[in-house]
Amino acid sequence: MRRKTTHPRRGFFVTGTDTGVGKTVISGAIVTVIQSLGLTPGVMKPIESGCRRREGNLMPRDGLFLKKLARMDDPISDITLVRYSKPLAPLAASELEERPVRLSLIRKAFAKFSQKYDAVVAEGIGGLMVPVAKDYFVIDLAGEFGMPLIIVSKPGLGTINHTLLSVESALKRGLEVAGVIINFSTPPERSIAEKTNVELLGRILPVPLMGTFPYLSKLSRKSLRETAIKNIDIDLIKKYIVYR
């Protein structure tokens with residue numbers, strides 16, 4: 001059953017045009033910006049696949065990274081509630097590993113974090129149309145959370161189509177899109193596509209282009225915060241976090 005919240009929540013649901021576009025890096029950067037505003041953020045990576053086993057437990061790399069950045073004392077089991085070893089879409093991984101996604105646990109954790117923290121940054125898995133369960137997709141989870149979306153896209157060839165389709169899908173579902181961030185998740189290729197896509201998307205997107213995030217070889221709280229403040233429209237972040 002698909003649900004949708006009837007009131008906005010403070011925070012962001014970070015999704016991407018594809019896997020590997022750097023949603024975790026951007027989620028972390030948003031966390032550091034919220035902290036710089038004197039607020040306390042909570043994070044969620046509700047579902048993570050491709051987890052490695054450590055001492056008998058599946059450990060979510062992205063979830064642990066975000067937990068550390070946010071300085072949360074909550075157990076990782078509340079931050080990344082569903083974990084799979086297969087690096088697949090949740091529906092495929094859940095069928096192979098015979099463990100369905102328990103949406104009720106995700107809803108309960110999100111409700112708790114929404115009350116506990118000034119804002120929540122939730123990172124999706126893959127793109128909006130990645131299947132989570134039968135007849136239930138990431139876009140449905142984003143709708144339930146009721147937070148504005150930040151869509152992360154890549155700078156290279158193909159990004160215009162993928163970005164516009166993602167934005168269109170969200171808007172048609174009635175979801176609020178705070179904006180798009182173009183992220184260099186790998187070192188720049190200095191291609192003609194990279195040189196022209198940012199300017200073109202800025203002209204044709206029906207939502208704000210929040211900024212272009214450069215490639216970072218080393219990730220730290222300081223580097224993420226400084227890079228975000230320099231390259232992302234912080235006033236848009238404040239619009240949804242401070243003034244909402």
Side-chain angles (χ1 to χ4, degrees), residues 8 10-34 36-37 41 119 121-130 138-139 142-143 145-217 219 223-244:
R10 292 215 299 177
F12 298 98
F13 189 99
V14 181
T15 187
T17 56
D18 199 351
T19 188
V21 295
K23 295 186 299 297
T24 304
V25 170
I26 297 302
S27 296
I30 299 300
V31 164
T32 66
V33 170
I34 294 172
S36 74
L37 297 174
V121 178
E123 181 192 341
I125 182 168
L128 287 172
M129 296 310 298
V130 166
V138 170
I139 196 170
F145 280 15
M147 299 186 295
L149 268 60
I150 290 178
I151 298 176
V152 183
S153 66
K154 63 182 182 179
L157 195 64
T159 196
I160 294 174
N161 181 62
H162 294 161
T163 304
L164 291 175
L165 284 174
S166 296
V167 171
E168 182 181 39
S169 295
L171 295 178
K172 281 187 174 181
R173 285 288 191 95
L175 303 185
E176 186 173 10
V177 180
V180 171
I181 295 177
I182 299 174
N183 179 50
F184 280 80
S185 58
T186 57
E189 299 175 355
R190 307 193 186 283
S191 65
I192 188 65
E194 287 183 349
K195 293 177 181 178
T196 59
N197 282 341
V198 174
E199 189 275 334
L200 183 55
L201 278 172
R203 283 194 284 122
I204 64 177
L205 275 172
V207 298
L209 179 60
M210 298 177 71
T212 302
F213 203 87
Y215 174 72
L216 294 179
S217 59
L219 300 177
S223 67
L224 286 169
R225 182 180 65 250
E226 291 179 349
T227 305
I229 291 173
K230 183 178 179 181
N231 294 280
I232 294 176
D233 189 339
I234 303 302
D235 286 336
L236 275 176
I237 304 294
K238 291 180 180 179
K239 173 183 175 181
Y240 291 101
I241 301 297
V242 178
Y243 307 121
R244 197 173 183 97

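Because only heavy atoms are used, hydrogens play no part in the values below, and waters and symmetry mates are left out as well, while side chains stay in.
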Rounded to the nearest 0.5 angstrom, the CZ-OG1 distance for Phe184 and Thr212 is 7.0 Å
All heavy atoms of Val138 vs all of Ile125, minimum pair found to be CG2-O, 3.4 Å
When rounded to the nearest 0.5 Å, the distance separating OG1 of Thr24 from CG of Leu219 is 10.0 Å
Checking the side chain of Ser166 only, and the main-chain atoms of His162 only, is there a donor and an acceptor separated by less than 3.5 Å?
yes
- Does the salt bridge (Lys or Arg N to Asp or Glu O under 4.0 Å) test come out yes or no for Glu226 and Lys230, once each step is laid out? CA-CA 6 Å; Glu226 291 179 349; Lys230 183 178 179 181; over 6 Å; no
Residues Glu176 and Tyr240: closest non-hydrogen pair is OE2-CE2, 3.1 Å
So Met210 and Ile237, do their side chains get closer than 4.5 Å, heavy atoms only?
yes
**Prompt:** Should Ile204 and Ile160 count as side-chain neighbours, where that means a heavy-atom distance under 4.5 Å?
**Reply:** yes
Between the NZ atom in Lys238 and the CG atom in Leu37, the distance rounded to the nearest 0.5 Å is 6.0 Å
Candidate pair Phe213 and Leu224, rule side chain to side chain contact (heavy atoms under 4.5 Å, CB included), full reasoning: CA-CA 10 Å; Phe213 203 87; Leu224 286 169; 4.1 Å; yes
So CG of Leu164 and OG of Ser153: to nearest 0.5 Å the spacing works out to 9.5 Å
Nearest heavy-atom approach of Ile234 to Ala228 is CD1-O, 3.8 Å
The side-chain contact (heavy atoms from CB on, under 4.5 Å) partner of Leu149 among Leu128, Ile139, Val14 is Leu128
Rounded to the nearest 0.5 Å, the CD1 atom of Ile229 sits from the OG1 atom of Thr32 at a distance of 7.0 Å
message = Before you tell me yes or no, could you show the steps for Arg203 and Glu199 under salt bridge (Lys or Arg N to Asp or Glu O under 4.0 Å), namely the whole-Å CA-CA distance, both residues' side-chain angles and the distance that decides it to 0.1 Å?
response = CA-CA 7 Å; Arg203 283 194 284 122; Glu199 189 275 334; 2.6 Å; yes
query = Is any side-chain heavy atom of Ile181 closer than 4.5 Å to a side-chain heavy atom of Ile151?
reply = no
**Prompt:** Are any side-chain N or O atoms of Glu194 and backbone N or O atoms of Glu189, one a donor and one an acceptor, separated by less than 3.5 Å?
**Reply:** yes
So Val180 and Leu201, do their side chains get closer than 4.5 Å, heavy atoms only?
no
- Query: Counting heavy atoms not belonging to Leu165, are there more than 12 under 6.0 Å from its CG?
  - Reply: yes
query: Just wondering, do Asn197 and Pro155 contact through their side chains at under 4.5 Å, heavy atoms?
result: no
Flag, side chain of Thr159 to backbone of Gly156, donor-acceptor distance under 3.5 Å: no
Nearest heavy-atom contact between Ala178 and Leu236 is O-CD1, 4.2 Å
Heavy atoms of Met147 and Ala122 approach each other most closely as CE-CB, 3.9 Å
Closest heavy-atom pair, Thr15 versus Lys23, reported as atoms and distance to 0.1 Å, is C-CD, 3.4 Å
Note to self: Within the 4.5 Å heavy-atom criterion, are Leu157 and Ser191 side-chain neighbours or not?
What the structure shows: no
Is the shortest side-chain heavy-atom distance between Val207 and Leu171 below 4.5 Å?
yes
Taking the side chain as every heavy atom from C-beta outward, state whether Val167 and Pro206 have any pair of such atoms under 4.5 Å apart.
yes
